[in-house]
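One-based numbering, in listed order, for ligands and for the atoms of each. Count residues from 1 along the sequence. Below, each value reflects all heavy atoms present in this structure, side chains not excepted, and no hydrogens, waters or symmetry copies.
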Amino acid sequence: MTAVGIDAIEIWSGNLKLDLPETFASVKGEDPDKYRKGLGLEASSFPDVYEDIVTMGANASKRLMERKGLEPDDIGRIDVATESAFDHSKPVSTYIAGCLEQVFEDDFRHANKGERKFACVSGTQAVDDAYNWIRAGRNRDRAALVVATDTALYERGDPGEATQGAGAVAMLIDEDPDVLGLSDEQGFGSMDETDFLKPNQQFPSVDGKRSVQVYLSRMREALEDYESVAGRVYEEDFAYAPFHTPFPGMVRKAGLLAYRHITRNTDIEDQLAEEIGRQPREEEYDSHDEYEEAIREYMDALKGTERYRSWYADVIEPTLTISSQVGNWYTGSVHIARASALMTAADEDRNFEGESLLVASYGSGAQAEIHAETIQSGWKEEIEAIDIDQQLENRYDLTFEEYEQIHNVHDLDKDVEVDAFTQPEGEFAFTGWGRMNERKYEYVE
Ligand code: COA
């Protein structure tokens, strides 16, 4: 059966940067190592005055379409995944299509447009929808454009303020893709949870510590569900494992749990036993509390083993490069984790066509999804075309006062006049509101 999956990826970062260990921590009176070592974050990306989820998504999409030589007629579906929508009725995909129609000759009149919502997992769900649409044979030889775009801002003073970010990932989903083929098998872990939500409000209500626990629980269930259809997952099965990355420290916790799971009842567990003992089994303990304590001790010991550290350095660490420089991009987050891994592979001139990735997405509320992806022959050329390193280098570095101003600019309850810190060039820009309170955009040469 012909593969269906990701044919191209483009990434667009907000044009501003907040240095977390230096600028943010020092004003907050915090130790910079909370960011560098604890959360694993160097900086957050922010949108300038003229940027928002539409401009970032449209910029990534334009570049993707131009690079692939596509016209609007080649796209049969545009889905936007976002947690930052500003309109309860008109989907962000219509705004993005409107932007693109300013620069392409034709229009997207016959494309099916929509918007996907389930916190950060909705980017992956939109990819899923595109996959199913193509597999069902309803695409008329056209590809799907999936855009995950967010401005992840928290209320000033909320602990989540440490993990903000803004950017977009555009992905072309097609038959016989150049980059990655998606597995039919998927696993889900999904429960009604109250860890992070935005009930008719711009900034989230967050129970941060609980959201970390919910993330880990739903991920474990999704992995077990995936294994129930795809068979057991072993250490050597996957070249990289990109996880949803609200901040790299979260993935450090998830990686450790995943490693314990995939090595249980294997030769690796036996080899590690000489150093740190075998994994605790619940039936060996008198109470659940004693078992939990034993698990904690085992995990602490596992974290320090050479075997685990080397697996983490090879399979997980390369997925965190972009995230550590941009913060949380919500729906785009797992997709920049995947891109980071592939960019590392390209830098290392790795020849890994046919190898697999285990991709683990998560959205608060809460749902985790896990599936596998297979590297296709054209991956390297596509990945080398991504210029995110350059974009990150070119960001304007905000002072703390400037950060406060830009937070106010993007706070929908505030009406403030702030001059842009950068000038738009070769990109879409927000230009103000129209007669029905719609947002207006222009392409700036
Ligand atoms: N050196 C090294 N590590 C340090 C440190 C220092 N000086 N100071 C703190 N840390 C570590 C902490 O031990 C902690 O790591 P741990 O969780 O492994 O123990 C980490 O840095 C974060 O510190 P903490 O004090 O817990 O930060 P916080 O109270 O600001 O909360 C979040 C962190 C993630 C809960 C908060 O940023 C948040 O609510 N984020 C939004 C929700 C989110 O992203 N959830 C994730 C699931 S989607």
Side-chain angles (χ1 to χ4, degrees), residues 18 20-22 24-45 81 83-84 117-124 148 150-167 189-191 193-198 201-222 242-258 295-296 299-300 302-304 312 316 320 323-324 326-337 360-370 407:
L18 176 66
L20 293 167
E22 296 297 329
F24 190 71
S26 61
V27 173
K28 291 264 178 190
E30 292 174 319
D31 184 343
D33 276 351
K34 170 181 164 180
Y35 295 87
R36 293 207 176 98
K37 295 190 177 150
L39 297 169
L41 287 169
E42 289 293 333
S44 288
S45 281
E83 298 180 54
S84 324
K117 179 175 71 180
F118 195 149
C120 306
V121 76
S122 62
T124 296
D150 269 299
T151 297
L153 291 183
Y154 291 77
E155 194 114 43
R156 296 293 312 283
D158 187 286
E161 204 183 355
T163 62
Q164 301 177 110
S190 186
M191 292 289 284
E193 297 279 3
T194 311
D195 54 337
F196 172 115
L197 53 158
K198 295 182 176 181
Q201 63 197 48
Q202 183 190 3
F203 300 127
S205 300
V206 197
D207 184 341
K209 304 288 178 202
R210 175 148 175 74
S211 74
V212 169
Q213 292 314 316
V214 175
Y215 175 117
L216 296 174
S217 301
R218 301 293 84 82
M219 278 294 187
R220 181 175 49 74
E221 293 160 2
F243 280 77
H244 167 55
T245 313
F247 53 95
M250 182 71 245
V251 176
R252 211 181 300 132
K253 293 180 205 288
L256 188 63
L257 273 178
I295 290 278
R296 267 193 294 277
M299 301 285 267
D300 265 355
L302 179 62
K303 202 165 30 179
Y312 186 86
I316 305 287
L320 305 175
S323 164
S324 69
V326 303
N328 194 355
W329 282 12
Y330 287 164
T331 54
S333 184
V334 67
H335 305 290
I336 53 177
S361 306
Y362 171 78
S364 290
Q367 178 160 304
E369 188 267 3
I370 290 185
H407 197 286

- Salt bridge between Glu42 and Arg36, side-chain N to carboxylate O under 4.0 Å? yes
- Check the angle between the aromatic planes of Tyr330 and Phe196 and answer parallel, tilted or perpendicular using the 30° and 60° thresholds. perpendicular
- Query: side chain to side chain donor-acceptor pair (under 3.5 Å) with Gln201: which residues, sequence neighbours excluded?
  - Reply: Ser205
- Any side-chain donor-acceptor pair under 3.5 Å between Asp150 and Thr331? yes
Report each N/O pair between ligand 1 and the protein that falls under 3.5 Å, naming both atoms.
{"from": "ligand 1", "atom 1": "7 (N)", "to": "Asp31", "atom 2": "OD2", "distance (Å)": "2.9"}
{"from": "ligand 1", "atom 1": "17 (O)", "to": "Lys253", "atom 2": "NZ", "distance (Å)": "2.5"}
{"from": "ligand 1", "atom 1": "18 (O)", "to": "Lys253", "atom 2": "NZ", "distance (Å)": "2.9"}
{"from": "ligand 1", "atom 1": "26 (O)", "to": "Lys209", "atom 2": "NZ", "distance (Å)": "2.5"}
{"from": "ligand 1", "atom 1": "29 (O)", "to": "Lys209", "atom 2": "NZ", "distance (Å)": "3.2"}
{"from": "ligand 1", "atom 1": "30 (O)", "to": "Lys34", "atom 2": "NZ", "distance (Å)": "2.7"}
{"from": "ligand 1", "atom 1": "37 (O)", "to": "Pro159", "atom 2": "O", "distance (Å)": "3.1"}
{"from": "ligand 1", "atom 1": "45 (N)", "to": "Ser211", "atom 2": "OG", "distance (Å)": "2.7"}

- Message: Has Ser361 got a side-chain atom pairing as donor or acceptor with His244's backbone, closer than 3.5 angstrom?
- Response: no
- Residues Tyr215, Phe243; criterion ring-ring contact (aromatic ring centres under 6.0 Å, His included); working and verdict: CA-CA 11 Å; Tyr215 175 117; Phe243 280 77; 7.1 Å; no
